[in-house]
Amino acid sequence: MSSATLPTLRQHLTDLLHTALRSVAPEQWDVDILLERPKQASHGDFASSLALQLARRLKMNPRQVAERLVQALPSSPLVEKADIAGAGFINFTLTPSARTAVVSTVFAQGASFGSTPANGRRLQVEFVSANPTGPLHVGHGRGAAYGASLSSLLAFAGYDVSREYYVNDAGRQMDILAVSTWVRYLAIYGEAIPFPPNAYQGDYVFEMAEQIKAAQADQHVRPAAAVMANVPETDDLDERLDAFIVAGKQLLGEGWRAIHQYVLNEQLTDCRADLEEFGVHFDVWFSECSLYDSGEVAHVVDMLAANNHTYEQDGALWFRSIAFGDEKDRVVRRDNGLYTYFASDIAYHLNKFARGFDKLIDVWGADHHGYIARVKGALTATGADASRLDVALVQFVSLFRNGEKASMSTRSGEYVTLRQLRSEVGNDACRFFYMLRKCDQALDFDLDLAKSQSNDNPVYYVQYAHARICSVLAQWTGNVAPLATADLSPLTHEREIALCQRLAEFPELIQSAARDYAPHSLAFYLKDLAADFHGWYNAERVLVDDELTRNARLALALATRQVLQNGLSLLGVSQPESM
RNA sequence: GCCUUCGUAGCUCAGUGGAUAGAGCGACCGCCUCCUAAGCGGUAGGUCAGCAGUUCGAUUCUGCUCGAGGGCACCA
């Protein structure tokens with residue numbers, strides 16, 4: 001059985017049905033022939049509902065149609081029989097050699113089993129893109145795990161994938177972090193200023209203040225009274241905070257830039273290290289500032305204005321978003337002359353398109369969903385093809401501690417960081433746990449469960465299957481290479497056939513998971529694969545005396561290990577040889 | 001009010017235009033002189049939120065109702 005046979009098994013059966021169809025009902029040649037893998041073993045390896053689809057069009061009894069189709073079915077060396085069952089299903093049962101052929105295929109293809117050759121299509125996945133204003137929290141962790149697994153999956157499925165992090169280094173949030181650090185720094189020098197309640201409160205702000213003191217000494221110290229002189233007495237907290245920022249810029253001059261640069265660099269470095277430790281790598285870190293420096297933001301706004309897609313009102317410049325399906329128009333340039341985040345985001349996406357990607361995938365938090373219409377609208381207005389942008393919305397993560405929902409405010413500093421989670425639960429369990437929900441589903445992360453009962457995490461179940469196979473192999477002293485061509489005919493038990501079927505599903509699973517941007521389905525597949533293996537392992541011994549049987553079972557075990565490795569590595573989960 | 005994600009076993013969640021809707025946890029009963037018991041086998045547990053429509057067939061698609069989360073800034 002050649003390695004090329006397996007991926008086309010489904011196609012082969014489809015061709016057989018097509019031939020039969022041309023003979024039975026030539027005028028229905030265009031009917032879509034669907035083949036599915038039945039849930040029940042008694043329904044064969046593949047099933048088709050073609051007869052049910054045709055019955056009405058032919059005004060015939062579905063079972064009658066099925067009978068004619070089966071009679072017209074060409075014989076195939078891969079098909080043992082084609083039964084008619086139920087209302088008119090045609091159930092194909094493969095020959096034993098066709099069923100076990102997947103084992104040889106896995107041996108032949110190894111780490112690339114399940115992958116698709118490069119299709120030449122370039123694709124960009126942008127994810128995490130958290131403001132560099134503090135440590136990543138467990139919500140970012142979900143985006144990171146999802147984006148990384150999705151990227152790996154798409155690359156495995158043949159796309160040329162670029163992973164990108166958009167660094168919001170231009171906005172007010174960075175100024176708030178800088179001023180937060182400065183106020184803490186002043187406090188160290190005894191210049192006590194009431195800390196703005198809406199500034200960043202986390203401990204890392206104190207640490208950065210200490211670091212700036214150590215590196216730059218007292219050059220940024222100004223009298224508290226001088227700072228407070230700039231801050232109006234008002235209950236508007238945002239207004240007060242902005243006044244602090246203005247005071248900092250005025251009193252410090254170049255020193256403000258130094259602090260701003262320092263905290264940005266510090267947070268970005270920390271963020272990158274955090275993600276790399278989590279096995280999440282980015283090819284490009286794209287700076288929002290660079291869009292301003294290059295003039296791209298101004299250019300895109302001018303372009304929109306030149307094409308009459310904007311108007312001025314209340315001193316601000318508005319994009320006619322309604323004309324492109326949004327629910328209201330949106331400001332691109334504020335009355336104070338500054339561009340909005342929206343403006344730089346339009347420029348950013350145009351920049352992405354200009355880089356030649358066939359498809360852009362943005363991974364956003366669910367709270368950004370209202371943002372999709374305006375971004376796509378603006379892209380359309382500039383003449384870009386907005387359908388080339390897909391947005392994957394990842395629902396929220398809620399943390400539960402002692403059965404109670406934990407606070408998750410970045411500003412207040414009361415949140416569990418990704419680092420804490422990783423150190424308490426472990427990277428593998430984290431990566432896998434995040435993939436146990438589809439991204440549309442809100443994730444309740446029970447910290448107590450994840451910490452105290454981490455052994456219950458399904459990731460260990462999957463890894464354990466891998467370790468068991470390694471253990472069997474270690475006790476067998478033979479040479480692995482010849483197993484590639486082992487006679488597989490001794491693989492006749494129900495569990496062995498089921499395991500082979502599961503292995504054969506892997507390439508299809510990769511395809512559908514990539515198509516649907518659904519890496520979670522890979523996690524569920526791996527659980528199923530591990531279950532099939534554990535069941536077989538308990539029922540049958542691999543290292544039996546009979547050489548033929550032993551070699552066939554070793555080959556099946558090794559093929560299973562290969563698929564576990566291929567799948568786990570896509571999810572960024574390690575494959576320990578012993579546990 | 002509008003947009004959006006959900007509603008499936010006691011709990012947490014998969015899944016599908018098809019045949020008898022699944023897993024883990026929890027409960028109960030079993031399995032290590034034998035390749036790792038972080039494992040396996042079995043039992044119990046369901047009005048797939050509700051109503052209507054499309055269809056040969058709907059838990060799946062469409063519409064409405066009810067319930068839960070999220071979003072509706074000259075913040076990012």
Side-chain angles (χ1 to χ4, degrees), chain A residues 34 36 38-40 42-43 47-49 51-57 61-62 85-89 91 129-131 133 168 170-174 176 238 288 313-318 326-328 330-345 365-373 393-396 398 410 436-444 446 449 453-465 467-476 495 520-521 523-525 527-528 530-531 533-544 550 553-554 557 578-579:
Chain A
L34 300 173
E36 60 186 33
K39 293 168 198 161
Q40 274 181 265
S42 62
H43 293 153
S48 174
S49 57
L52 293 155
Q53 293 172 262
L54 287 174
R56 193 181 189 200
R57 298 168 77 159
N61 179 311
F89 293 95
N91 294 336
S129 300
N131 287 341
T133 53
N168 295 120
R172 177 169 177 264
Q173 295 305 317
M174 281 311 302
I176 296 175
D238 277 323
E288 181 187 6
Q313 186 182 308
D314 303 329
L317 188 68
W318 298 70
D326 199 2
E327 57 189 14
K328 56 176 286 192
R330 309 290 175 175
V331 172
V332 287
R333 194 176 58 219
R334 296 197 284 263
D335 55 5
N336 62 8
L338 296 177
Y339 293 105
T340 58
Y341 176 84
F342 178 42
S344 58
D345 226 17
D367 55 332
H368 281 60
H369 105 266
Y371 206 70
I372 299 173
L393 289 180
V394 179
Q395 294 290 323
F396 273 13
S398 298
T410 308
L436 288 174
R437 296 276 184 292
K438 55 185 170 188
C439 67
D440 321 300
Q441 180 77 249
L443 170 59
D444 288 341
D446 187 330
L449 182 72
Q453 299 182 31
S454 60
N455 278 1
D456 287 343
N457 194 302
V459 69
Y460 297 104
Y461 181 79
V462 178
Q463 289 179 318
Y464 186 50
R468 269 184 154 174
I469 296 170
C470 290
S471 174
V472 170
L473 203 65
Q475 285 167 57
W476 179 66
R495 293 178 183 283
H520 77 280
S521 58
F524 283 93
Y525 169 83
K527 277 171 62 178
D528 290 340
F533 172 76
H534 286 308
W536 173 55
Y537 179 93
N538 272 269
E540 307 291 340
R541 231 182 122 73
V542 175
L543 299 177
V544 292
R550 184 179 65 227
R553 290 180 181 173
L554 277 165
S578 66
M579 292 174 70

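So that the names make sense, note that chain A is the first sequence line, chain B the second, and so on, each numbered from 1.
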Establish, with yes or no, whether the OP1 or OP2 oxygen of A14(B) is under 4.0 angstrom from a side-chain nitrogen or oxygen of Lys527(A).
no
Determine the contact category for Ala55(A): base if any of its heavy atoms lies under 4.0 Å from a base atom, sugar-phosphate if only primed atoms, P, OP1 or OP2 are that close, otherwise nothing.
nothing
Gln53(A) vs G57(B): side-chain N/O to OP1/OP2 distance below 4.0 Å:
no
Options A37(B), G70(B), C13(B), nucleotide nearest the side-chain atoms of His369(A):
G70(B)
Between U5(B), A37(B), C72(B), which one does the side chain of Glu327(A) approach most closely?
C72(B)
Interatomic distance, Asp444(A) CG vs C13(B) P [rounded to whole Å]
5 Å
Give one of base, sugar-phosphate or nothing for Asn91(A), where a contact means two heavy atoms less than 4.0 Å apart.
base
Could you check whether His520(A) and the base of A14(B) form a stacked pair, meaning centres closer than 5.5 Å and planes differing by less than 30°?
no
Quick check on C40(B): is either OP1 or OP2 less than 4.0 Å from any side-chain nitrogen or oxygen of Arg495(A)?
no
Does a side-chain N or O from Gln441(A) land closer than 4.0 Å to OP1 or OP2 of U12(B), or not?
no
Closest-nucleotide 5' rank along RNA chain B - winner of Val472(A) and Gln313(A):
Val472(A)
At under 4.0 Å between heavy atoms, what does Ser578(A) touch on the DNA or RNA strands: base, sugar-phosphate, or nothing?
base
Of the candidates A38(B), C75(B), C35(B), the side chain of Arg541(A) sits closest to C35(B)
Return the nearest nucleotide to the side chain of Lys438(A); candidates are A19(B), C56(B), G15(B).
G15(B)
Between Ser344(A) and Glu288(A), is there a side-chain donor-acceptor contact under 3.5 Å, judged purely by atom types and distance?
yes
Value in whole Å for how far the C1' atom of G71(B) lies from CD of Gln395(A):
10 Å
Can you tell which of G39(B), A19(B), A76(B) lies closest to the side chain of Arg334(A)?
A76(B)
If you measure from the ring centre of Phe396(A) to the centre of the six-membered ring in the base of G69(B), is it under 5.5 Å, with the planes under 30° apart?
no
Nearest to the Ala85(A) side chain among A14(B), A19(B), A23(B), which nucleotide is it?
A19(B)
In whole angstrom, what separates Arg172(A)'s CZ from C75(B)'s C1'?
7 Å
Given Pro38(A), Ser48(A), Ser49(A), the one that forms side-chain contact (heavy atoms from CB on, under 4.5 Å) with Phe89(A):
Ser49(A)
Any base atoms under 4.0 Å from Phe524(A), or only sugar-phosphate, or nothing? Heavy atoms, all strands.
sugar-phosphate
Output the single nucleotide from U4(B), C74(B), C40(B) whose closest atom is nearest the side chain of Asp335(A).
C74(B)
May I have the distance from Leu52(A) (atom CG) to A58(B) (atom C1'), rounded to whole angstrom?
15 Å
Could you please name the option among C74(B), C75(B), C35(B) that lies closest to any side-chain atom of Gln173(A)?
C75(B)
How would you label the contact of Tyr461(A) with the nucleic acid (heavy atoms, under 4.0 Å): base, sugar-phosphate, or nothing?
sugar-phosphate
Proximity to the side chain of Trp318(A) - top-ranked nucleotide from C74(B), A19(B), C35(B):
C74(B)
Nearest to the side chain of Asp367(A) - G71(B), U36(B), A14(B)?
G71(B)
Just how far, in rounded Å, is C1' of G39(B) from OH of Tyr460(A)?
16 Å
Separation of U36(B) atom P from Met579(A) atom CE, nearest Å, is 14 Å
For Leu443(A) and Tyr339(A), take the nucleotide of RNA chain B holding the closest heavy atom to each; which residue's nucleotide lies nearer the 5' end?
Leu443(A)
Give Ala373(A) one of three labels, base, sugar-phosphate or nothing, depending on what nucleic acid heavy atoms sit under 4.0 Å from its own.
nothing
